[in-house]
Amino acid sequence: MIEIIDFCKEYNSHLSSSKKKQAFIIKNISFTVESGCITGIVGPNGSGKTTLLKAICGFHYATSGKIFISDKENNKFDIEEQCEKAMELCGYVPEISCLPPDLKVIDFLHYAAACHKLDPQTAQNRIEELSKDFNLSDFLNNKIKILSKGQQQRVSFAQALIHDPANLILDEPISGLDPSQIISFRKYISDLSKEKAILISTHILSEVPQLCQKAFIMHQGQLFKVNNLQNIEREFISLTEKQKTEGNK
């Protein structure tokens, strides 16, 4: 489980107000990502989705507020105080795969397993399982730089799940996948959600009812709960129009 409590993030917060240049602010966000549930965050580019996801994964800290992450036994950890727990308890798939281009896929997955301190046999078993799940077997011995975007995305999924984390964070996860892979991905994520807390960020509104049990709209650094997933497009348009009107006042 992931708990975000009064999370705020402000860039250039160390500068005086007179010197700040359009400092981006995420304002007082609170929500929970429960195990057994896929939670979605939708919003336009630049709304703050990736900033929030990276904070959950421990890449940076809140300006104020707290983020707690729980393990499979429901032990709760403050990520700012125990940042190493973010790596241990979360699997993260970024929007743009950050993979070492000159490594072979098999070597990279063994490296990822070693980073999570998996013993050699466990690592081998996990690589075999994930290779089957994501159809990696045909290019395990290829260098990452020659893979297609969709293949690299599947490798990124495998590294995120190599240590079987309790929580999974996905940023624009279907980017680069073809239609058949998207269908397979939905089923796979749905099955994973039975035992994991899964948070998905996307700007494709139509994906949310297909994947999520609950969702939020992020707009201009603020978070708004979606009341009806089937009407998410209508709610998004209504919210953004309302925000635009209020901003022009």
Side-chain angles (χ1 to χ4, degrees), residues 1-13 20-57 60 62-68 92-96 153 167-177 179 182-183 185-187 189-190 192-193 196-249:
M1 185 169 72
I2 302 166
E3 295 177 81
I4 295 91
I5 302 173
D6 294 328
F7 177 87
C8 297
K9 182 64 179 180
E10 179 179 353
Y11 292 113
N12 298 327
S13 59
K20 288 182 182 179
K21 294 182 178 180
Q22 297 179 334
F24 182 75
I25 300 174
I26 296 179
K27 306 170 186 175
N28 300 317
I29 286 178
S30 296
F31 70 102
T32 301
V33 182
E34 298 93 353
S35 296
C37 174
I38 302 175
T39 299
I41 297 181
V42 300
N45 293 332
S47 61
K49 304 187 303 297
T50 296
T51 296
L52 177 61
L53 266 57
K54 286 186 174 181
I56 293 170
C57 295
H60 56 75
T63 303
S64 62
K66 290 287 186 180
I67 297 176
F68 296 98
Y92 175 55
V93 178
E95 178 179 3
I96 300 174
Q153 186 75 337
N167 308 279
L168 187 59
I169 313 296
L170 308 175
D171 194 358
E172 304 291 350
I174 65 171
S175 175
L177 301 182
I182 290 172
I183 293 169
F185 163 78
R186 288 175 185 157
K187 183 180 184 306
I189 293 301
S190 178
L192 279 181
S193 70
K196 299 183 188 299
I198 300 180
L199 178 62
I200 294 178
S201 165
T202 182
H203 62 268
I204 304 174
L205 297 177
S206 60
E207 278 301 305
V208 175
Q210 302 278 354
L211 282 169
C212 304
Q213 285 76 55
K214 72 174 184 179
F216 299 88
I217 295 171
M218 198 160 190
H219 186 64
Q220 296 180 350
Q222 294 180 281
L223 203 68
F224 305 86
K225 192 175 190 303
V226 175
N227 296 309
N228 186 332
L229 295 180
Q230 301 305 318
N231 291 329
I232 188 169
E233 291 188 15
R234 187 181 304 168
E235 291 192 31
F236 179 79
I237 292 170
S238 176
L239 172 64
T240 52
E241 288 297 322
K242 179 181 177 183
Q243 294 288 98
K244 187 185 298 182
T245 299
E246 292 177 353
N248 291 333
K249 289 181 179 179

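Numbering of residues begins at 1 and proceeds along the displayed sequence.
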Backbone N/O of Thr51 and side chain of His60: donor-acceptor pair under 3.5 Å
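Indeed, once roles are kept as given, a pair shorter than 3.5 Å links the two residues.
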Any donor and acceptor pair, going by atom type alone, linking the side chain of Glu233 with main-chain N or O of Ser206 inside 3.5 Å?
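Not at all, since once roles are kept as given, no pair shorter than 3.5 Å links the two residues.
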Decide yes or no for [X] and [Y]: does some side-chain heavy atom of the first lie under 4.5 Å from some side-chain heavy atom of the second?
X      : Y      : result
Val93  : Pro173 : no
Met218 : Ile26  : yes
Leu229 : Gln213 : no
Leu170 : Ile189 : yes
Ile56  : Tyr92  : no

Does Ile96 have more than 12 heavy atoms from other residues, nucleotides or ligands lying within 6.0 Å of its CD1?
no
From [X] atom [atom1] to [Y] atom [atom2], the distance as rounded to the nearest 0.5 Å:
X      : Y      : atom1 : atom2 : value
Asn167 : Leu199 : CG    : CG    : 9.5 Å
Ile217 : Gln222 : CD1   : CD    : 12.5 Å
Thr202 : Ile174 : OG1   : CD1   : 5.5 Å
Asn227 : Glu235 : CG    : CD    : 4.5 Å
Leu223 : Leu52  : CG    : CG    : 7.5 Å
Leu211 : Ile200 : CG    : CD1   : 4.5 Å

Listed pairs under 3.5 Å, donor-acceptor, residues 29-44 side chains, sequence neighbours left out:
residue, atom, partner, partner atom, Å
Ser30, OG, Asp6, N, 2.7
Ser30, OG, Asp6, OD1, 3.3
Glu34, OE1, Lys214, NZ, 3.1
Glu34, OE2, Lys214, NZ, 3.3

For [X], give me all partners under side-chain hydrogen bond (donor to acceptor under 3.5 Å, both in side chains), at least two apart in sequence or on another chain.
X      : result
Lys225 : none
Lys54  : none
Thr50  : Asp171
Arg186 : Glu207

Of the non-hydrogen atoms in Ile25 and Lys27, which two are nearest, and what is the gap between them?
CG2-CG, 3.6 Å
Least distance between heavy atoms, Ala215 atom then Val208 atom:
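Nearest pair, atom of Ala215 first, then Val208: CB-CG1, 3.6 Å.
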Contacts satisfying salt bridge (Lys or Arg N to Asp or Glu O under 4.0 Å) that involve residues 38-52 (not counting sequence neighbours) are none
Let's go through Ile2 and Ile169 carefully: what are the C-alpha distance in whole Å and the side-chain angles of both, what is the deciding distance for side-chain contact (heavy atoms from CB on, under 4.5 Å) to 0.1 Å, and is it a yes or a no?
CA-CA 10 Å; Ile2 302 166; Ile169 313 296; 3.5 Å; yes
